[in-house]
Every structure is written in C-alpha cells, then in structure tokens.
Number of protein chains: 2
Amino acid sequence: MGKIEDAIRQREFKDPYNKAVVNLLFTHSYLVTIQNSLFKPYDISPEQYNVLRILRGQNGKPTTVSSIQERMLNKMSNASRLVEKLKSKGLLIREECPTDRRQVDVVISDKGLELLKELEVKVEEVNHTLIHLNDEEVTQLNDLLDKLRG
Amino acid sequence: MGKIEDAIRQREFKDPYNKAVVNLLFTHSYLVTIQNSLFKPYDISPEQYNVLRILRGQNGKPTTVSSIQERMLNKMSNASRLVEKLKSKGLLIREECPTDRRQVDVVISDKGLELLKELEVKVEEVNHTLIHLNDEEVTQLNDLLDKLRG
DNA sequence: TAATATTGTATGTATATACATTTATTAATG
DNA sequence: CATTAATAAATGTATATACATACAATATTA
C-alpha cells in the first residue's frame, strides 16, 4: 500500500501535521475494515466486542452503563444501546442496581465469556499481521500516539 | 491525556501490537471528535468535507462517483449518498455523463469552493493544535503509519 | 420537608458505515 | 444480432456515531 499520497491519490499536504491527521484517518479505516471481516462470522461488531472486553475486565463485578461509556474507545458512542444489543444476544446480564435505581448493573454472561475467549485469539493473531512494523517501531508508534493526544 | 492505559483504564495489553491497534482506534476517536465540533457550525460532516476536497483536487474536471469512492479515506463509505447530500446543499453539481450514461459527472460548485476555502483555514489551524508533537516527531509518525499498512 | 438541581439511563433524529442487492447501461461473445 | 457478462450508480437494511432531549431517581438546599 505504501505512502498515503499514492493511496488516496493526493499530490501533497500543507504540512506534516495535516498529513498526519489524514494518515491517521486512513490507517483507522484500514484497521477497522479488517477487524470487521474478522467479527462478521460471529455476528458481533468491533464496538460490541470492546464492550465485552470492558465487562470482563471487571472480573465479575457489576458495571454501570456510564462506566462502560467512559472506558469505550469512542467516547461519543452509545453504551446504552450496545448493552441492549448484547443483552438480546445473551452475552451479558443487565439488572436494576439495588442501591441506586437510576443505575443498571451490567455483568458479562458465561456465553459472553466463551465468545470473547474464542474471538480474542483470532484478534491477537490478526493484530500482529495487520501491522507491518517490527517491535521497536511499534513501541515508537505507541509512544508517539500517547504523546500526540497531549 | 497521556498513556492509553490510563485513558481507557486498561491495565495492560497482550503485546505492543495489540496495544497499537487500540491506540490507533482511540486516537482516531480523539481526532474526529474535535473535527466534528469544527464542522458542526457549517452543517457539514468530516466525510462531506473530504468529498469536497477530492472534487476540488480535480480542478474543474468532472469526476465519477466511483472515482470519488476510490479516493475516500474510508473505502467502504457510500459516495453515492454523500454526493446526493452535497448536491441538495448546492455544494456540487451532478449530471449525467454524455459519453456513458451509467456514469455521473460530479463537479464542485462555486458555493462549494467558497465553503471549502473558509473551512480549510480552520482545519489547518486545528490540525496543528491537535497534534502535540514537534516537527521531527510528526514526520516519524507519518513514516510509521505509511510503513504500518505495508 | 418541599422545591430544585443533578445524575443515570433511555430515546429520538440525522448522518455515516458496511455490505448485499437491484437497476440501467455498455461491453463482450457466440 | 441476441445473449450474456461486466460496470456504474443507486437502494435496502442493519449497525454505529453524534448529539439533543426526556424521564426517573437521587442529592442538594432553602
């Protein structure tokens, strides 16, 4: 695939900062396209997978919708609706919080844990092959991204 | 904001490759959230802005829908519908191609060019302030992203 | 304690993404 | 030339994003 200028057939960018923004958007699309095809056979979306991972990270401790929202990769997403989707598939359990009836307690189900286990192996494999960088370069990329956001 | 582990409250990643994927998804969300707020007052979406930029890059030469699609940052998006949206706002002109009636010729309108000019200044400013990296680091990031995609 | 503010979640609406399918037109082949 | 294949664009459907608003429950305060 190579340089972003060739990939989207744009001659040149104003400066490396503007190029970086486009480059990040484009790389994101590259990643999610492959992720989607991986999740497709399991009838689950990347965001739903992410919510399941957040839930498992709680080790059985109930989580509220707003807490899920906070940890999501996309802060503006809609945890409420994703939880509903996952519940209808039996991948999590949602029940009223006894101490505060505004809140709901969300816990991943056994079915959810199984699916996650199965998917995770594949995701980790794919993530490796997706990124055509060596160990040193990936670490460098991670540092730059962490710094980028300030 | 700092390290991704703190931002999404995840303790650790399997390896730097899996971390990089999450880091890229998260950084993307960071970028588009700010871009969205920039475009909002102009009643235009980031993808619509991108289509206008592609059209202007043609310097008045008509472009087909599939050619727009190819150059889009998100290959799986739907150029057809975006063109329709922009047309309804008077930002581009769409007409049947005389030599091949399957195709449509799309050209940016004067109104579109004006809007683009106004927006572009703001976008370039914002892109600079978004990215908390120095010149050397941004260039490094661009090189890594280009290489990442293989 | 009554009135008000805040919080947690759900819902409504518009846009975009992802992918399959349809329709119209042109190209290719027997 | 008729049939079939290929192509360009549009459309259909499900999901997700972005943001505003509604609603119920709890917290605050006057």
Side-chain angles (χ1 to χ4, degrees), chain A residues 25-26 28-52 62-89 91-92 94-106, chain B residues 25-26 28-52 62-89 91-92 94-106:
Chain A
L25 298 180
F26 191 62
H28 173 262
S29 173
Y30 163 79
L31 294 180
V32 295
T33 297
I34 298 169
Q35 280 205 334
N36 267 311
S37 64
L38 194 156
F39 289 127
K40 188 106 181 121
Y42 297 90
D43 263 312
I44 198 170
S45 71
E47 277 308 329
Q48 288 175 18
Y49 171 77
N50 187 35
V51 170
L52 288 182
T63 320
T64 64
V65 170
S66 56
S67 170
I68 295 169
Q69 184 93 291
E70 269 175 37
R71 292 160 201 231
M72 283 178 68
L73 297 176
N74 193 319
K75 296 279 173 275
M76 290 310 189
S77 190
N78 202 320
S80 204
R81 275 185 263 237
L82 287 171
V83 165
E84 171 55 30
K85 281 277 154 65
L86 291 166
K87 180 181 137 69
S88 74
K89 293 179 195 172
L91 300 171
L92 58 75
R94 180 187 63 194
E95 45 192 25
E96 196 177 78
C97 172
T99 61
D100 185 338
R101 280 165 56 210
R102 286 172 301 186
Q103 296 184 67
V104 290
D105 284 345
V106 184
Chain B
L25 298 180
F26 191 62
H28 173 263
S29 174
Y30 162 79
L31 294 181
V32 296
T33 298
I34 298 168
Q35 281 204 333
N36 267 312
S37 65
L38 194 156
F39 289 128
K40 188 109 181 117
Y42 298 89
D43 262 311
I44 199 171
S45 71
E47 277 307 331
Q48 288 174 18
Y49 171 77
N50 187 34
V51 171
L52 289 182
T63 319
T64 64
V65 170
S66 56
S67 170
I68 295 169
Q69 185 93 291
E70 270 176 37
R71 292 161 199 229
M72 283 178 67
L73 297 176
N74 193 319
K75 296 280 173 274
M76 290 310 189
S77 189
N78 201 320
S80 204
R81 275 184 264 238
L82 286 172
V83 165
E84 171 55 30
K85 280 275 154 65
L86 292 166
K87 180 182 137 70
S88 74
K89 293 179 195 173
L91 299 172
L92 58 74
R94 181 186 64 194
E95 45 192 24
E96 197 178 78
C97 172
T99 61
D100 185 338
R101 281 165 54 209
R102 286 172 302 185
Q103 297 184 92
V104 290
D105 284 344
V106 184

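Because only heavy atoms are used, hydrogens play no part in the values below, and waters and symmetry mates are left out as well, while side chains stay in. Order of the sequence lines fixes the chain letters, A, B, ..., with proteins taken first and strands second; residue numbering starts at 1 for each chain.
- Aromatic ring orientation, A/F39 versus A/Y49: tilted (interplanar angle from 30° to 60°).
- Looking only at distances, a side-chain donor or acceptor of B/N36 sits under 3.5 Å from a matching main-chain atom of B/V32.
- Side-chain contact between A/E47 and A/N74 is present, with at least one heavy-atom pair separated by less than 4.5 Å.
- For the pair B/K40 NZ and D/dA20 P, the interatomic distance rounds to 6 Å; values are reported in whole Å.
- Rounded to an integer number of Å, the gap from CG of B/L73 to C1' of C/dT17 is 14 Å.
- Note: CD (A/E96) to P (C/dT9) measures 11 Å, nearest angstrom.
- Looking at B/Q103, its side chain never comes within 3.5 Å of a backbone N or O of B/T64 through a donor-acceptor pair.
- Residues from residues 31-39 of chain A with heavy atoms under 4.0 angstrom of DNA chain D: there are none.
- The main-chain N or O of B/I44 is never found under 3.5 Å from a side-chain atom of B/K85 such that the two would form a donor-acceptor pair.
- Using a 4.5 Å heavy-atom threshold, the side chains of A/E96 and A/D105 count as separate.
- No donor-acceptor pair closer than 3.5 Å links the side chain of B/S67 to the backbone N or O of B/T63.
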Practice problem: Take nucleotides 7-15 of chain D nucleotide by nucleotide from the 5' end and write B, S or -, depending on whether a protein heavy atom sits under 4.0 Å from the base, only from the sugar-phosphate, or from neither. | Solution: BSSBBBB-S
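- Inter-residue side-chain proximity for A/Q35 and B/L25 is flagged as met; some heavy-atom pair is nearer than 4.5 Å.
- Taking atom CG of B/N74 as the reference point, atom C1' of D/dT17 lies 13 Å away to the nearest angstrom.
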